[in-house]
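Working notes, structure below.
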Amino acid sequence: MIQFQKKYNKLFLNNIRKAIDDYTMIKANDKLAVGLSGGKDSIFLLFCLKLIQLTYIKDFELVGIHIDLGFPMNMQPLKKYCIENDIPLIIEKTNIADVVFHERKEKNPCALCSKLRRGALSRVAKEHHIKKIALGHNSNDVIETLFMNVLKVGKLGTFHPNSYNTKKDLSIIRPMIYIREDLIQSMVDKYNLPVIKNPCPMDKKTTRQDMKNLLIKLENIYPDSQQKILSSLSNYNPKNLWKKAHKK
Ligand SMILES: Nc1ncnc2c1ncn2[C@@H]1O[C@H](COP(=O)(O)OP(=O)(O)OP(=O)(O)O)[C@@H](O)[C@H]1O
């Protein structure tokens, strides 16, 4: 059973509360679904949001949604964890893995998989009258996406902490933007949170891994670079960004 401990505040919970407040992520009476992949980030997010419900914003509903991509995965530990903590878990079966690897034989399967998975997640949320989904992106993900955009696309920006899709009437929130990946790993190990092995053949072989390595090198030279890059995302003067007279 998830229970609050005072030391959580300093370790991670203050930063979760700060992200929620900085970007008005959760309000009273929200019905909020956590996208659960089976991985460490989303299970830690579930753990944190349950603690937020116990200590901070008490009157919101919390559920988990897992999109089954069609890989063989033993979801039993996750199901058990959700039952023990009184969190309803929705598991939606799909054939996304089959579409990506066999039907379309994608050269870049991650992009298509992520698009189909996001679509399935929104559809299932809608079917259950859920208008807010929380994803387990952490501060490393924020920076890796920024690096990918700048270095591979030539575009400045990363995903937003709280984005609203008017067409779908759906918000996507990311309460772990201030939490480092290495901290998540150590907390998941320490508190024995149920992580399900990912059988995807592309796991950790993506461009994202190159950006991860780049960030590690950067932190060796500038130890507080994560902190500085994160704060620069909301600390800019629009006048210093270039606006061309005509956009080609
Ligand atoms: N199959 C899935 N079903 C539901 N939500 C998912 C699924 N896969 C990913 N997500 C959600 O999207 C987020 C980002 O997905 P991504 O594949 O980048 O995972 P990640 O950063 O490795 O996180 P995790 O450790 O939770 O797998 C996850 O943290 C999770 O909230």
Side-chain angles (χ1 to χ4, degrees), residues 1-66 78 81-82 84-89 121 125 130-146 158-164 170-195 215 224-235:
M1 190 92 175
I2 298 170
Q3 272 172 342
F4 173 71
Q5 296 184 30
K6 209 166 170 216
K7 64 181 176 192
Y8 290 163
N9 282 337
K10 235 181 154 182
L11 270 172
F12 55 85
L13 216 47
N14 286 344
N15 273 335
I16 298 280
R17 286 193 197 97
K18 179 168 165 40
I20 290 173
D21 289 344
D22 280 353
Y23 297 97
T24 333
M25 292 187 185
I26 304 175
K27 294 192 197 118
N29 303 317
D30 272 351
K31 188 170 180 183
L32 174 63
V34 179
L36 292 170
S37 63
K40 66 177 191 325
D41 297 300
S42 44
I43 192 64
F44 186 63
L45 175 60
L46 188 74
F47 177 73
C48 290
L49 289 177
K50 187 72 192 178
L51 289 167
I52 288 292
Q53 206 182 37
L54 292 173
T55 59
Y56 192 45
I57 305 169
K58 301 195 174 159
D59 44 6
F60 74 93
E61 223 179 297
L62 184 62
V63 306
I65 300 180
H66 171 68
L78 180 64
Y81 190 75
C82 286
E84 278 168 6
N85 288 291
D86 219 6
I87 302 167
L89 173 65
L121 200 50
I130 294 166
K131 293 186 174 181
K132 212 170 254 189
I133 297 176
L135 299 179
H137 293 111
N138 55 50
S139 62
N140 293 67
D141 295 321
V142 175
I143 296 170
E144 285 154 26
T145 303
L146 176 73
T158 185
F159 48 75
H160 198 273
N162 182 355
S163 54
Y164 176 67
L170 186 74
S171 295
I172 300 288
I173 61 166
R174 295 170 165 102
M176 298 210 300
I177 46 165
Y178 299 144
I179 311 283
R180 292 176 61 101
E181 185 175 15
D182 47 10
L183 176 72
I184 295 175
Q185 186 63 65
S186 67
M187 293 295 103
V188 165
D189 293 342
K190 185 161 186 202
Y191 297 109
N192 237 328
L193 304 187
V195 173
L215 183 56
D224 62 350
S225 47
Q226 271 233 19
Q227 197 43 50
K228 290 285 186 285
I229 296 170
L230 279 183
S231 66
S232 69
L233 284 168
S234 59
N235 179 21

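The side-chain heavy atoms of Ile173 and Ile133, taken from C-beta on, include no pair separated by under 4.5 Å. Residues Ile65 and Val34 fail the side-chain proximity criterion, which asks for heavy atoms closer than 4.5 Å. Put simply, the side chain of Thr158 does not reach to within 4.5 Å of the side chain of Ile143, judged on heavy atoms. Considering only heavy atoms from C-beta on, Leu215 comes within 4.5 Å of Gln226 through its side chain. Between Phe159 and Val142 there is a side-chain heavy-atom pair separated by less than 4.5 Å. Under the 4.5 Å side-chain criterion, counting only non-hydrogen atoms from C-beta, Tyr81 is in contact with Ile2. Residues Leu78 and Val195 are not in side-chain contact: their nearest non-hydrogen atoms beyond the backbone lie 4.5 Å or more apart.
A distance of 8.5 Å separates CG in Leu36 from CD1 in Ile87, rounded to the nearest 0.5 Å. The distance from atom CD1 of Ile130 to atom CG of Leu170, rounded to the nearest 0.5 Å, is 9.5 Å. Note: Ser171 OG to Leu32 CG = 10.0 Å, rounded to the nearest 0.5 Å. Once rounded to the nearest 0.5 Å, the distance linking CG of Leu49 with CE of Met25 reads 10.0 Å. Note that NZ of Lys40 is 12.5 Å distant from CD1 of Ile43, once rounded to the nearest 0.5 Å. Here NZ of Lys50 is found 15.0 Å from CZ of Phe4. Values are rounded to the nearest 0.5 Å.
Between Ala19 and Pro175 the shortest heavy-atom distance is CB-O, 3.5 Å. In terms of heavy atoms, Ile52 sits closest to Arg17 at CD1-CG, 3.7 Å.
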Fill in: Step-by-step side-chain contact (heavy atoms from CB on, under 4.5 Å) determination, Tyr191 to Phe44
CA-CA 10 Å; Tyr191 297 109; Phe44 186 63; 5.8 Å; no
Item to complete: Decide side-chain contact (heavy atoms from CB on, under 4.5 Å) for Phe47 and Ser42; before the verdict, give the C-alpha distance in whole Å, the side-chain angles of both, and the deciding distance to 0.1 Å.
Response: CA-CA 9 Å; Phe47 177 73; Ser42 44; over 6 Å; no
Fill in: Worked check of side-chain contact (heavy atoms from CB on, under 4.5 Å) between Met176 and Ile16
CA-CA 6 Å; Met176 298 210 300; Ile16 298 280; 3.9 Å; yes
Item to complete: Assess whether side-chain contact (heavy atoms from CB on, under 4.5 Å) is satisfied between Leu46 and Cys82, documenting all intermediate values.
Response: CA-CA 9 Å; Leu46 188 74; Cys82 286; 4.1 Å; yes
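Residues satisfying the ring-ring contact (aromatic ring centres under 6.0 Å, His included) criterion with His66, sequence neighbours excluded, are absent altogether. Residues that satisfy the side chain to side chain contact (heavy atoms under 4.5 Å, CB included) test with Asn138, not counting sequence neighbours, are Asp41, Asn140, Asp141, Glu181, Ile184. For Lys7, the side chain to side chain donor-acceptor pair (under 3.5 Å) partners are Gln5, not counting sequence neighbours. Not a single ring-ring contact (aromatic ring centres under 6.0 Å, His included) links Tyr178 to another residue, sequence neighbours left out. With sequence neighbours left out, the salt bridge (Lys or Arg N to Asp or Glu O under 4.0 Å) criterion links Asp86 to no other residue.
Between the side chain of Asn162 and the backbone N or O of Thr24 there is at least one donor-acceptor pair closer than 3.5 Å. In this structure a side-chain-to-backbone donor-acceptor pair under 3.5 Å is missing from Lys131 to Asp30. With hydrogens and angles disregarded, no donor-acceptor distance shorter than 3.5 Å links the side chain of Arg174 to the backbone of Gly136. With hydrogens and angles disregarded, a donor-acceptor distance shorter than 3.5 Å links the side chain of Ser139 to the backbone of Ile179. A donor-acceptor contact shorter than 3.5 Å links the side chain of Asn14 to the backbone of Asn9. Remark: side-chain polar atoms of Ser186 are paired, donor with acceptor, to backbone N or O of Leu183 under 3.5 angstrom.
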Please table the atom pairs, donor to acceptor, closer than 3.5 Å between any side-chain atom in residues 55-63 and protein atoms at least two apart or in another chain.
from: Thr55; atom 1: OG1; to: Leu51; atom 2: O; distance (Å): 2.7
from: Tyr56; atom 1: OH; to: Asp21; atom 2: OD1; distance (Å): 3.1
from: Tyr56; atom 1: OH; to: Asp21; atom 2: OD2; distance (Å): 2.6

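In the displayed structure, Lys31 atom NZ is contacted under 6.0 Å by more than 12 heavy atoms of other residues, nucleotides or ligands.
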